[in-house]
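Notes for the one structure printed next.
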Amino acid sequence: MEAAFMDSGTTVDKGENARLSSFVGAIAIADLVKTTLGPKGMDKILQRISEHDQSVSVTNDGATILKSVNLDNAAAKVLVDIARVQDDEVGDGTTSVAVLCGELLREAETLINQRIHPTTIAEGWRLARKAAREALEASCLDNSGDEAKFRDDLLNIARTTLSSKLLTYEKDYFANLAVDAVMRLRGSNNLDHIQVLKKAGGNLRDSYLEEGFLLDKTIGVGQPKRIENAKILLANTSMDTDKIKIYGSRVRVDSLNKVAEIEEAEKSRMRQKCDKIIAHGCNVFINRQLIYNLPESIFTENGVMAIEHADFDGIERLAAVTGGEVVSTFDRPDLVTMGECDLIEEVMIGEDKVIRLGGCKSGEACSIVLRGASSHILDEAERSLHDALCILTATVKDPRIICGGGCTEVLMAQAIDRQVEATAGKKSLAMAAFARALRQLPAIVADNGGYDSAELVTQLRAAHASGKSTYGLDMYNGIIGDMTELGVAESFKSKLCVLLSASEAAEMILRVDDIIKCAPRAREGGH
């Protein structure tokens, strides 16, 4: 009936078809990333197939995998979106949030086949989510008052995060690197102050933390390679006007002398600009754009170090680190704030020269230099390290930690099961389904490690029932163990975000009963 009132190109999927389409799409996406979950998860190769870009990347980061997949299913896009939000919020748990949402929808499909209304299921889920959250909050620890214990907590979280990544075999080394870098921020949590520089060559163990800021650029010809007590002028200005550039115009001259006069006028203007820059009293000039030969020679004559083509990210980060401002005009030196650092020098990393800024005004600045055999390894190492840095800064903000290894999922499921016994009506079936979905996460982690998931999860349930509430999966020995002794810890904030985001997204998809696809409205008159 509705079709009679709709334009051609508009389609409506109703009722069962719409719900089935949503469930199938979301569950398919969850199954796509399911095998990457846990310390023994597998990697995916992402190969681009566009005409101009056929690059390949190898990763097991849920957000990276989901962002690279082109989707047509609306529910699947919701899962990709929650994984992206999880990545932005806390950096870790991107695979968990997609898998939990998929498992909830798998359970919901079974309940709907039993003729339970979606609203009743959503109501039961909300009660289950509340019980799970209370259990999660009751199980968390906060050691932020004791600096040594808090550092150990951060190291455990970093190790747990890195154990499911490429860096797992060097996780102790990189966990220390990440914690040292985050502790230097002294609570500011501005990750712009931590620069990650990738240099091919060597192996992952050769990576190190450099106190200071590294700029992968070169110093101008004949200029000083080392400057102490640097006054840095940061600029985004054109320094390439030593040749005629009159676009869209035609200049008619009657002799080559006139051309020479125009060129000389251009050079004169550039000399005036360079004099204004030098008048600021800076001994280092860093420009986002190119610096051509004439201004470079003027800076050389005046003993000023000039660095060109510091890209936009580089110049913005330099401004944050050195305490300076990025300027474009040079008429008012009194209003310009210059950056400061104790030492600028050229250093070698492998076969390459880079510029090191030491003793920056912002003492939090540091650089992590990553070494590796190939660009694919370096890219994945950077993604892994970025996840660890994000989760550590989130933990510094909210210092509560919880046990990992599937411990909290079983704990939350147990709390929900206790509440199910006291809940009347069909809502209790939805609550039991929520608990089953939570228990699927440790089962998937065990399956990915090649272990008997049914045996391990039942052992884990029995251990929790007997009061061993810190027990989880020991994935290196294929048994259950005490997570506090094994040092397997996760951020409370990350786990809470996974629980809330996955359940809210699943509830939103569950409540869909129509999918309306509209073609874009055609423009009138052929324009």
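- Remark: Lys199 does not engage Asp206 in a salt bridge, criterion side-chain N to carboxylate O under 4.0 Å.
- Judged by distance alone, with hydrogens and angles left aside, the side-chain atoms of Asn176 form a donor-acceptor pair with the main-chain N or O of Asp172 at under 3.5 Å.
- Applying the 6.0 Å contact sphere to NE2 of His386 captures no more than 12 heavy atoms from other residues, nucleotides or ligands.
- The pair Glu507-Arg126 meets the salt-bridge criterion, since a charged nitrogen lies less than 4.0 angstrom from a carboxylate oxygen.
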Would you mind writing out the side-chain donor-acceptor pairs for residues 81-90 within the sub-3.5 Å range, not counting sequence neighbours?
from, atom 1, to, atom 2, distance (Å)
Gln86, NE2, Asp92, O, 2.9
Gln86, NE2, Ser494, O, 3.4

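- Under the 6.0 Å distance and 45° angle rule, Arg205 counts as a cation-pi partner of Tyr173.
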Discussion item. Checking Glu308 against Tyr292 for the side-chain contact (heavy atoms from CB on, under 4.5 Å) test, could you report, in this order, the C-alpha distance in whole Å, the side-chain angles of both residues, the deciding distance, and whether it holds?
Written reply: CA-CA 9 Å; Glu308 66 175 1; Tyr292 271 45; 5.9 Å; no
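- More than 12 heavy atoms of other residues, nucleotides or ligands lie within 6.0 Å of OH in Tyr476, so this atom counts as buried by the packing criterion.
- Taking 4.0 Å as the cut-off between side-chain N and carboxylate O, Lys149 and Asp152 do not count as a salt-bridged pair.
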Practice prompt. For Thr94 and Asp387, run side-chain contact (heavy atoms from CB on, under 4.5 Å): C-alpha distance rounded to whole Å, both residues' side-chain angles, the deciding distance at 0.1 Å, then the answer.
Written response: CA-CA 10 Å; Thr94 50; Asp387 282 1; 5.5 Å; no
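- Within the 3.5 Å criterion, the main-chain N or O of His464 finds no donor-acceptor partner in the side chain of Tyr471.
- Here the closest non-hydrogen pair linking Thr160 and Gly487 is OG1-O, 4.0 Å.
- Taking the side chain as every heavy atom from C-beta outward, Lys165 and Arg383 never approach each other to under 4.5 Å.
- Separation of atoms OG1 (Thr395) and CG (Asn156) is listed at 11.5 Å; rounding is to 0.5 Å.
- Residues Ser139 and Ile402 share a closest heavy-atom pair of OG-CG2, 4.0 Å.
- Pro295 places none of its side-chain heavy atoms less than 4.5 Å from the side chain of Phe285.
- Residues Arg371 and Ile349 meet the side-chain proximity criterion, which asks for heavy atoms closer than 4.5 Å.
- Atom-to-atom distance recorded for Leu177:CG and Leu209:CG is 6.0 Å, nearest 0.5 angstrom.
- Summarising the geometry, atom CG belonging to Leu370 is positioned 8.5 Å from atom CG belonging to Leu197; distances are rounded to the nearest 0.5 Å.
- Between Cys497 and Val97 the shortest side-chain heavy-atom distance does not fall below 4.5 Å.
- The minimum heavy-atom distance between Arg439 and Ala413, with the atom names listed, is NH1-CB, 3.3 Å.
- Side-chain contact between Phe174 and Thr161: absent, with no pair of heavy atoms (C-beta onward) separated by less than 4.5 Å.
- Looking at heavy atoms from C-beta onward, Trp125 lies in side-chain contact with Leu510 at the 4.5 angstrom threshold.
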Listed pairs under 3.5 Å, donor-acceptor, residues 453-462 side chains, sequence neighbours left out:
from, atom 1, to, atom 2, distance (Å)
Ser453, OG, Asp447, OD1, 2.9
Glu455, OE2, Gln459, NE2, 2.8
Thr458, OG1, Ala454, O, 2.7
Thr458, OG1, Glu455, O, 2.8

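- Side chain of Asn448 to backbone of Lys34: a donor-acceptor contact under 3.5 angstrom is found.
- A heavy-atom distance below 4.5 Å is found between the side chains of Val445 and Pro39.
- The nearest pair of heavy atoms linking Ala178 to Ala388 is CB-CB, 4.4 Å.
- Between Leu46 and Val56, the closest side-chain pair of non-hydrogen atoms is not below 4.5 Å.
- The heavy-atom pair separating Ser367 from Leu214 by the smallest distance is OG-N, 3.1 Å.
- For Lys67, the NZ atom counts as densely surrounded, since its 6.0 Å shell holds more than 12 non-hydrogen atoms of other residues, nucleotides or ligands.
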Discussion item. I'd like to know whether Cys341 forms a side-chain contact (heavy atoms from CB on, under 4.5 Å) with Leu357, so could you lay out the CA-CA distance, the side-chain angles of the two residues, the decisive distance to 0.1 Å, and finally the verdict.
Written reply: CA-CA 7 Å; Cys341 71; Leu357 287 78; 4.2 Å; yes
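- Other residues, nucleotides and ligands contribute over 12 non-hydrogen atoms within 6.0 Å of the NZ atom of Lys198.
- Ser328 places a side-chain N or O within donor-acceptor distance of the main-chain N or O of Asn236, the cut-off being under 3.5 Å.
- For residues 229-238, the salt bridge (charged side-chain N to carboxylate O under 4.0 Å, His left out) pairs, not counting sequence neighbours, are Lys231-Glu340.
- The two residues Leu389 and Ala181 make their nearest non-hydrogen contact at CD2-CB, 4.3 Å.
- Salt-bridge annotation for Glu103 and Arg436: absent, with no side-chain N of the basic residue lying under 4.0 Å from a carboxylate O of the acidic one.
- Comment: Arg151 engages Asp180 in a salt bridge, judged by a side-chain N to carboxylate O separation of less than 4.0 angstrom.
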Item to complete: Evaluate side-chain contact (heavy atoms from CB on, under 4.5 Å) for Ser164 paired with Leu37, printing each intermediate quantity in order.
Response: CA-CA 7 Å; Ser164 62; Leu37 192 65; over 6 Å; no
